[in-house]
Colleague: 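Before anything else, here's the structure in question.
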Protein chains: 2
Amino acid sequence: MASIALGFEAAGIQTKDRNVKKNKDVPAEEHSGPLMADVARLAGVAISTVSRALANPGRVNEKTRAKISAAAKQLGYTPNAMARGLRVGKSNIIMIILPGSLHYGASQIIPQILQGINRSLSQHGYHLMIANLDRDETSEQHILDLAFGGTVRGVIIFSSQLPVDGNRSLADTALPIVSLLLDMSESSLPSVVTNDRQAVRQATQELIELGHTRFLYIAGPTGNYHDVERYGGALEALREAGLSEQHVVRSGGAHSYQLGFRTGVEAADDFARLEVKPTAVIATSDDMAISFMSRVQRMGWNIPTDLSLVSFDGSPVCEFSTPPLSTIEQPVEEMGQAAVALLIERIEQAHIRTATRIVVPSRLIRRESMAAAKPGLNILRS
Amino acid sequence: MASIALGFEAAGIQTKDRNVKKNKDVPAEEHSGPLMADVARLAGVAISTVSRALANPGRVNEKTRAKISAAAKQLGYTPNAMARGLRVGKSNIIMIILPGSLHYGASQIIPQILQGINRSLSQHGYHLMIANLDRDETSEQHILDLAFGGTVRGVIIFSSQLPVDGNRSLADTALPIVSLLLDMSESSLPSVVTNDRQAVRQATQELIELGHTRFLYIAGPTGNYHDVERYGGALEALREAGLSEQHVVRSGGAHSYQLGFRTGVEAADDFARLEVKPTAVIATSDDMAISFMSRVQRMGWNIPTDLSLVSFDGSPVCEFSTPPLSTIEQPVEEMGQAAVALLIERIEQAHIRTATRIVVPSRLIRRESMAAAKPGLNILRS
DNA sequence: TTGTACGCGTTATCAA
DNA sequence: TTGATAACGCGTACAA
C-alpha cells in the first residue's frame, strides 16, 4: 500500500524500460504514456487482472480492484483505444456524413444537429467523426476507408447519396446506418425525419383560413425529397379547400438550399413580374424568405399587409426580422437524439434488420408575417 | 494471372477459414472484410510484401506491385486502421474541441470552420473528430481519453479552457495542439486568430470620419478575449481622434455570445434610457446588431438616419436585413486552413516547439447601416 | 478469484 | 527485391 502512495517515478516503476529490454523493432515513441503493464506492476497483479478490473469491475475482488484503480489513477493511466479496438474488433466512433457544402445561411440546423448527436453519443460512450461528402472521388474514398477499415462503428448519413468507389459501396457495409432528415426507409435504411408535408399543409391551411387563395411557392432544388414533400403538403391543403393547382405559382427550383438567399432574390423578381399577384408566400427555407422579403419590401410591398409569408427551418433570426417571420421549426435536437438511439440499438442488437422510420413533428411558429389577406384583392381574383 | 481475374470466392480464397483453423478465442466477427493475408494469398506473395507494396510502392518490384494492387482491388481490400495505428503508434484523426453550446444565432462560423478544417485535413489524409467541451466532468474525461488513449494525433482547440481531470490535463499531452480564434500563444499554444482589435479600430475610424462622436458599444461577455480586443480597438480609434473614453457607452457584458440576440434586445432598452443618444453603434456580434436594430426601429428610430450600426461576424444574412448591415467578416475558411497547416507541421516535424501566432485579417463589409451622422445632433453634443 | 498464453491485423526488422 | 517473424497494447479462454 505504501508504494501506491508514492509518485509514478518514485515508486520505482520504470515505464521506459519496456523499450530497453527489447531494443529492436521499436516504433516511433509517440504515445509513451503508462501501459496496463505499468499499472499491473504498481498494483502487484497480472496484466489480465488489471484488464478485468477496468472492464468488468464486478468480476474481481473488491480489494484488488481498489488497489488497481488507485494505481491506474496514480499513473494517470488511459487505455489505448486502438489496441482495445483491434482486440475486440469494434471501435466506438460514429461517423456522420454531411453534404458537401454546409453553408446554410441563417439556418442553424447543421451545428444543432451535430450538437444534439454528439451529446447523445457521448452519453453512450461513443465519439463523433465528421465526413464531408463532396462530389469528388477522394472524399468518397475517405469515407469508405473509414467504413471498411474498421475505424467507425456506425454511420449517420445526412445526404442523399451513399458513397461508392470501385467495388466498394457503403451500402455493402455490415455497419449500422441511419439516415437523418431524408426518408430513405424505402431503401431499407432506418430514417429519422420530420413531417415536412404535414407541416406545410398546416401552414397553408392557416393561410387559407386567413383568406388567402393565391400563393407563391418558393421551391428548393427540383426533385429534392424535402421539396417534393413540402410542395405536396401545400397542394393537399389547396385541394382540401377546393382550390385548384392554378392557385399556386412556383418559383425557384434551380438552386440548392445552400443558395437560398439567391433563390429568394430571384423569387422576388418573379413576383414582380406576375400580373396576378399572390397574397401569400410559402418559402421552403428561411434564407429564401429573408432575402425575398428584403427585396419585395424594397420594391414597395408591405408585409404582411400586401403579402403574408411563412417559411421553413425555424432560424432564430426570424424573430428579429421586420416584421418577424413565421417559420416552421424543425426539432433538430430531438431528431439527432432519435437517430442516435436508432443507431445504438442496431449496434448493440445486431439482429434488428427491419427498416424503421421515426417522424419527429415540426412546429409552426406564428409571427407577424402571417396576416389576413387584403379583402379587395381576393374578391377580385376569385 | 488467371486467378486474379476471378472473383473473390471463385478464386478459392476462403477468407473465413482463418476463423476455423484456430477455433478458440475468436472475437466478435464484426469487421470480417478481406485481410492483407487474403490479398497476399491471391497475389501469391508474402504478407509483408503486400504491406510494402501498399505503403511504400517504390520499394517493391513494379510487376509484383501491380499484381498486388490488382488483387487488393479485386477483393475490395481496405487496410484496418486500428491495426496499423496500433503498430505504428499513430492515428490519423484530429480532434477539434468546440465550446459547449454551439448555438450562435445568425453567424455561421462553426459550420464554416468545420468545413474549412475538414477539407484541409482530408487533403492531408487526416480525419476530423469533434468533441464538445461542456462544463461537465464527463465531457472533459471523454476528451482526455481521446487524447491520452492514442485515438487522436493532434488537437485544434476552439475554446478557452484546456480540459483537466484528476492527474490528467490536456496541457501535458505530447500531442500537437493549435488554438483557433483565441490567442493562446502566451500559454505557448500556437494560435490562429483574426485581428479583432484592428478591425474594430478601422470600423470605428470610418464612423468617426462619417462625423460620429458618440458611440454605443454592445459588449460580449466581460473579460472575454474577443471583447477585450474589440473594445480596445474602439478605444484606440477614439483616442486617435482626440475623443475621450466618455464618448462611448458600454452595454451588454452579461451574456455569452450564444445569447447575442438577447444582448441586443437589452442594449436597445439601454439605448432608449440614455439621455444623450449615441449616433453610432458598434455591436460585437451580428446577432446583437440584428436584434438591437429590430427593437430600436420598432421604437421609432431610423437606421442609418438616426443611428449608424456596424457589427462583427460577417453573417450572410446581414445583406438582407433592412437596411443591410455593415459587418466585419471573419476569414473563417482561411483560418481553418492555417490552423491545419500549423498542426500538420507540428505533427510531421516534432521538433518545432516555438509558439506561433498567425493573424488572418478580417474585412469590413460596408453596407447601408453605416452613414453620415446627423449634423445637428453632433453639434449639439460636441 | 487470479495468472498464463495467445491472437486481433498490421508494420518493421532482419536475413535470404 | 522478397519472406519469415516479432512486436504494437489489450482482452479473453483456460488453467491454476
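The shown structure was predicted, so the numbers you read here are calculated from the model rather than taken from an experiment. A, B, ... follow the sequence lines: proteins, then strands. Residue 1 opens every chain.
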Colleague: Is there a side-chain contact (heavy atoms from CB on, under 4.5 Å) between D145(B) and R168(B)? Walk through the geometry before answering.
Modeller: CA-CA 9 Å; D145(B) 287 347; R168(B) 305 183 303 170; 2.9 Å; yes
Colleague: Report the residue (A83(B) or R65(B)) whose heavy-atom-nearest nucleotide on DNA chain D is the more 5′ of the two.
Modeller: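 This one resolves to R65(B).
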Colleague: Give the minimum heavy-atom separation between V152(A) and A147(A), together with the two atoms involved.
Modeller: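 Closest approach of V152(A) to A147(A): CG2-CA, 4.0 Å.
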Colleague: Counting only side-chain heavy atoms from C-beta out, which of dG9(D), dG11(D), dT10(C) sits nearest to P79(B)?
Modeller: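 So the nucleotide nearest the side chain must be dT10(C).
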Colleague: Please give, in whole Å, the distance from dA12(C) P to L54(B) CG?
Modeller: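 Taking atom P of dA12(C) as the reference, CG of L54(B) is at 13 Å.
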Colleague: When the distance from NZ of K90(B) to P of dC8(D) is rounded to whole Å, what number comes out?
Modeller: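 One finds 15 Å between P of dC8(D) and NZ of K90(B), rounded.
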Colleague: Nearest to the side chain of Y77(A) - dT12(D), dC10(D), dT10(C)?
Modeller: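 Nearest to the side-chain atoms of Y77(A), counting from C-beta on, is dC10(D).
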Colleague: Rounded to whole angstroms, how far apart are CZ on R84(B) and P on dC8(C)?
Modeller: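 Taking CZ of R84(B) and P of dC8(C), I get 19 Å after rounding.
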Colleague: Please name the residue in the list I157(A), V155(A), I117(A) that meets the side chain to side chain contact (heavy atoms under 4.5 Å, CB included) test with I96(A).
Modeller: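 That would be I117(A); it is the only one of I157(A), V155(A), I117(A) passing the side chain to side chain contact (heavy atoms under 4.5 Å, CB included) with I96(A).
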Colleague: Side chain of T64(A), heavy atoms from C-beta onward: which of dC8(D), dT2(C), dG11(D) has the nearest atom to it?
Modeller: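 Within the option list, the nearest is dT2(C).
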Colleague: Restricting to non-hydrogen atoms, name the atom on I347(A) and the atom on P176(A) that form the minimum distance, rounded to 0.1 Å.
Modeller: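 Scanning both residues, the minimum pair turns out to be CG1-CG, 3.6 Å.
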Colleague: Please state how far atom CZ in R87(A) lies from atom C1' in dT12(D), giving the value in whole angstrom units.
Modeller: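 Taking atom C1' of dT12(D) as the reference, CZ of R87(A) is at 5 Å.
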Colleague: How long is the line joining CZ of R41(B) and C1' of dG9(C), in whole Å?
Modeller: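 These atoms are roughly 13 Å apart.
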Colleague: What is the separation between atom CE on M36(B) and atom P on dC8(C), rounded to the nearest whole Å?
Modeller: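 It works out to 15 Å between those atoms.
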Colleague: Of all residues at least two apart in sequence or in a different chain, which pass the side chain to side chain donor-acceptor pair (under 3.5 Å) check with Y126(A)?
Modeller: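 Y126(A) satisfies side chain to side chain donor-acceptor pair (under 3.5 Å) with E348(A) only.
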Colleague: Taking donor-acceptor contacts at under 3.5 Å, does the side chain of T49(A) reach the base of dG3(C)?
Modeller: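 When only heavy-atom distances are counted, T49(A) does not reach the base of dG3(C) through any donor-acceptor pair under 3.5 Å.
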Colleague: Rounded to whole angstrom units, what separation is found between the CD1 atom of I68(B) and the P atom of dT11(C)?
Modeller: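 Between P of dT11(C) and CD1 of I68(B): 12 Å.
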Colleague: Which is it for D136(A) and S139(A) under the side chain to side chain donor-acceptor pair (under 3.5 Å) test, yes or no, and what are the steps along the way?
Modeller: CA-CA 6 Å; D136(A) 58 14; S139(A) 80; 3.0 Å; yes
Colleague: I want to verify a distance call: between dT2(C), dC14(C), dT10(C), whose nearest atom is closest to the R52(B) side chain?
Modeller: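 Nearest nucleotide to the side chain: dC14(C).
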Colleague: Any side-chain donor paired with an acceptor under 3.5 Å for R346(A) and T356(A)?
Modeller: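 A pair is found: one side chain offers a donor N or O, the other an acceptor, under 3.5 Å apart.
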Colleague: State which of dT12(D), dT11(C), dG9(C) makes the closest approach to the side chain of I47(B).
Modeller: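 Taking heavy atoms from C-beta onward, the closest nucleotide is dT11(C).
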Colleague: Checking contacts here: which listed nucleotide (dC10(D), dG3(C), dT1(C)) is nearest the side-chain heavy atoms of N61(A)?
Modeller: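 Looking only at side-chain atoms, N61(A) lies closest to dT1(C).
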Colleague: Closest to the V45(B) side chain: dT10(C), dG3(D), dG11(D)?
Modeller: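 Nearest nucleotide to the side chain: dG3(D).
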Colleague: At how many degrees, to 10°, do the end axes of the helix from dT1(C)-dA16(D) to dA16(C)-dT1(D) meet when each uses five pairs?
Modeller: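 Taking the rotation axis at each end, their angle is 40°.
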Colleague: Give the rounded distance in Å between these two atoms: CE of M82(A) and C1' of dT10(C).
Modeller: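 Going from M82(A) (CE) to dT10(C) (C1'), I get 11 Å.
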